[in-house]
Amino acid sequence: MKLKEILQRQLTEAAEKEGYTPHSVVITSSKDEKHGDLSSSLPLSLAKAAKKPPMEIAESIIGKIEIDDRIVADIFPSPPGFINFKINPSYYQSLVSEIIKAGNTYGQSDKGKNKTANVEFVSANPTGPLTIGHGRNAVIGDTVANILENHGYNVTREYYFNDAGRQMRLLGQSVEARYFELVGKEIEFPNDGYEGNYIKDIAQSILDEHGKSLLPSDPLFKENAEKIIFADIENSLVNLGIHFDQFTNEKTFYENGEIDRFLEELKAKNLIYEKDDATWFRTTELGKDQDRVYIKSTGEPTYRVPDTAYHRDKVNRGFDLIIDIFGADHADTYPDVLLALEALGLKTDHIRVLLYQFVTLLRNGEKIKMSTRKANFITMDELVNEVSADVVRYFFIMRSMNSHLNFDLDLATDHSEKNPVFYLQYAHARICNIIKRGAGLGKDFTNDFDSARLTHSSEIELLKTLEQFPEIMSSALKLLEPQDIANYLQDLAARFHRFYVDCRVITDDNDLSAARVALIKATKIVLANGLNVLGLTAPERM
RNA sequence: GCCCACAUAGCUCAGCAGGAUAGAGCGACUGCCUCCUAAGCAGUAGGCCAGAGGUUCGAAUCCUCUUGUGGGCACCA
């Protein structure tokens, strides 16, 4: 059990013995060492209802706490009504062998054991290369999936795409136009067509493969474009270390009758009606302020229809947890999907939608407006080639999902050595180097060490930070916010670098060296586990 | 106009299930390698936590309003 949980329980029991009814017992790390290592403000929160001074409550609760002195060295109150715990250093010291023993399972849990999760992310339609805009989605999704796996979930990474809609039709027409340009029979380029050079490349490859005798409206234009672009997207994802377990195509739900069935069921519930030659979903009946078009007057369904059928399919596949990673532009639309599922009697409370804010790309201090259609974009491949997958991944999760991300291209490329990801990786590399050096001197400190030798304040601070890792990981499972892990690792690396400066590891004092080697091995394990969850490499040298 | 986010150091951002003195990186200035990688460490300067109310013993954190920024409000996805 984790330290805070132990203290929480002791505090709660002691408070109850004194006749209080504590609601939430919060324990925080003390910032000032004169307040011990951990503190609780429980007495302050009880004071009002009890009509007693907080300090008096603190004293009486402390009197009832059953101290395990292997863990807690001292408990004392401080004004205006905190209870402070001084933790026995031996508790922290004992973590070293615990972490080494746990190895790559340190920080893991079995909260998701025998449970399945589906994480749907990227889901970009194959109309062009993967851009930086998609990148944030891709990295968040993959990292969230890693977090779930860290807790034992069996995760399906899924990519959903539409190939039946207007966008894909435009893509085919754009390729077609470029093809006929190449064979000298120019036809009009579609309005809103895709202008990127990659369209010309595709047209050229079609020309190379099929000659110049293709006729207008040949389905081959769209089919080839889709195939080529999709292969390119998958390759870009692999470059980022991302692999999908399943690709699901919108077309499936037309072909297997799911969409018709779904519309029929809504109709039976009188949630669908016809107006102005279109078919509408009666969202107002379900608490929204306007109805939504389901089938356009052209006869073409809107994206909501297959999307909802797709989500119903995911629910029916029986996952314990379903996660969607959407950009902020979907904030208004996904509730309609959930509403429709609920209207059909499906449970949706195991669906979690993670919305992330957009990426603003800066070059020379100016915003770049990106548009796939206008071919004004930076591709993920370009970026990964310039700054490495590690840096790109870190950049996308180092900011909280719901704040806008400024991606400064100049900073990411020209000053990449200063990227914070190197700071943590350097800590890992430093440790590897010290261990190697120790081994080179014939000092292989494997099992036999006395952790009581770890008494320097930098050592204790490092140990305290190592202790927090499992808590950080379980909080990450609850919040599904990768950023917290990145922040923690920054803190851990900082503690290590400070320790490195204060405490020499390989010294003439063999016992001390053995203890310190064990400490850095434990640190290395936690760094590597954290980097691994973020999908970053843990380099042995830099 | 309506809905959702966001607003903290010169810049980019942490901190937000309320807690004791608001942090980091970059940038500026000062120090630290005869010693495990200086991709590091220590320090100085820099803040009305957007503004105004409220709740509370206690607010950067919760609530309301104002202002500003981004996104959404399509028979686009």
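Sequence lines set the chain letters: A, B, ... in the order given, protein chains first and strands last, and positions in each chain run from 1.
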Could you check how far CG of Asn419(A) sits from P of G40(B), rounded to whole Å?
11 Å
Can you tell me if Phe82(A) is stacked onto the base of G19(B), using a 5.5 Å centroid cut-off and an angle below 30°?
no
Please state whether the phosphate of A14(B), meaning OP1 or OP2, lies under 4.0 angstrom from any side-chain nitrogen or oxygen of Gln490(A).
no
A5(B) phosphate, OP1 or OP2, under 4.0 Å from Asn402(A) side-chain N/O:
no
Taking the side chain of Asp32(A) as heavy atoms from C-beta outward, which of U21(B), G19(B), G40(B) is closest to it?
U21(B)
Return no unless some side-chain N or O of Arg498(A) is found under 4.0 Å from OP1 or OP2 of A42(B).
yes
Which nucleotide, A74(B), G15(B), G71(B), lies nearest any side-chain atom of Gln483(A)?
G15(B)
In whole angstrom, give me the gap between the C1' atoms of G15(B) and U8(B).
9 Å
The side chain of Met542(A) is closest to which nucleotide in this list: A5(B), A39(B), G72(B)?
A39(B)
Using the P atom in both, what is the distance from A17(B) to G53(B), to the nearest Å?
25 Å
Heavy atoms from C-beta onward define the side chain here; which of C41(B), G15(B), A77(B) lies closest to that of Asn487(A)?
G15(B)
What's the CD1-P distance between Ile506(A) and C35(B), to the nearest Å?
16 Å
Is the shortest side-chain N/O distance from Ser403(A) to OP1 or OP2 of A14(B) below 4.0 Å?
yes
Look up atom CG in Leu512(A) and atom OG1 in Thr455(A), then write down how far apart they are to the nearest 0.5 Å.
8.0 Å
Hey, does Cys432(A) reach any base, or is it just sugar-phosphate, or nothing, if we go heavy atoms under 4.0 Å?
nothing
Drop me the distance from Lys464(A)'s NZ to Arg495(A)'s CZ, to the nearest 0.5 angstrom.
8.0 Å
Less than 4.0 angstrom between a side-chain N/O of Tyr500(A) and OP1 or OP2 of A38(B), yes or no?
yes
Rounded to whole angstroms, how far apart are OH on Tyr423(A) and C1' on A38(B)?
13 Å
For RNA chain B, write out the stems as range with range, using runs of 3 or more consecutive Watson-Crick or G-U pairs with both distances under 3.5 Å.
B:1-7 with B:67-73, B:10-13 with B:23-26, B:28-32 with B:40-44, B:50-54 with B:62-66
With a cut-off of 6.0 Å (strictly less than), are more than 12 heavy atoms of other residues, nucleotides or ligands near CG of Asn191(A)?
no
Respond yes when some side-chain nitrogen or oxygen of Ser400(A) is under 4.0 Å from OP1 or OP2 of A14(B), and no when none is.
yes
Testing G19(B), C36(B), U12(B) for proximity to the side chain of Asn406(A), the answer is U12(B)
Give a yes or no on whether a donor-acceptor pair under 3.5 Å exists between the nucleobase atoms of A20(B), that is its base, and the side chain of Ser39(A).
yes
Among the candidates C36(B), G19(B), A77(B), find the nucleotide nearest to the side-chain atoms of Arg437(A).
C36(B)
Could you tell me the separation between the CZ atom of Phe496(A) and the P atom of C41(B), rounded to a whole number of Å?
11 Å
Under 4.0 Å between a side-chain nitrogen and a carboxylate oxygen: does that hold for Arg498(A) and Glu461(A)?
no
Students often mix this up, so state it plainly: with edges at 30° and 60°, are the rings of Phe281(A) and Tyr294(A) parallel, tilted or perpendicular?
parallel
Interatomic distance, Asp307(A) CG vs A77(B) P [rounded to whole Å]:
9 Å
Closest to the Lys34(A) side chain, choosing from U21(B), A42(B), C76(B):
U21(B)
Look at Lys296(A) together with Asp277(A) and state whether they make a salt bridge at an N to O cut-off of under 4.0 Å.
no
Between G71(B), C75(B), C36(B), which nucleotide gets closest to the side-chain atoms of Ile434(A)?
C36(B)
Looking only at the side chain of Ser297(A) (C-beta and beyond, no hydrogens), which of the listed nucleotides C75(B), A20(B), U12(B) gets closest?
C75(B)
Output yes when at least one side-chain N/O atom of Lys31(A) is less than 4.0 Å from OP1 or OP2 of A22(B), else no.
no
Is there a donor and acceptor pair, one atom on the side chain of Asp502(A) and one on the base of A42(B), closer than 3.5 Å?
no
Check against side chain to side chain contact (heavy atoms under 4.5 Å, CB included), Ser30(A) and Asp37(A):
CA-CA 5 Å; Ser30(A) 312; Asp37(A) 298 307; 5.5 Å; no
Taking atom P in both C49(B) and C75(B), what distance in whole Å separates the two?
45 Å
Quickly work out the Ile295(A) CD1 to A77(B) P distance and round it to whole Å.
13 Å
Taking syn as within 90° of 0 and anti otherwise, name the glycosidic form of C33(B).
syn
Rounded interatomic separation in angstrom, taking CG from Asp390(A) and P from A39(B)
19 Å
Is Arg541(A) near enough to A39(B) that one of its side-chain N or O atoms lies under 4.0 angstrom from OP1 or OP2?
no
Among G19(B), C75(B), C36(B), the nucleotide that comes nearest once only the side chain of Val505(A) is considered
C36(B)
Geometric class of the His330(A)/Phe326(A) ring pair [parallel <30°, tilted 30-60°, perpendicular >60°]
parallel
Quickly work out the Lys275(A) NZ to C75(B) P distance and round it to whole Å.
10 Å
In terms of relative ring orientation, are Phe247(A) and Phe230(A) parallel, tilted or perpendicular, with 30° and 60° separating the classes?
perpendicular
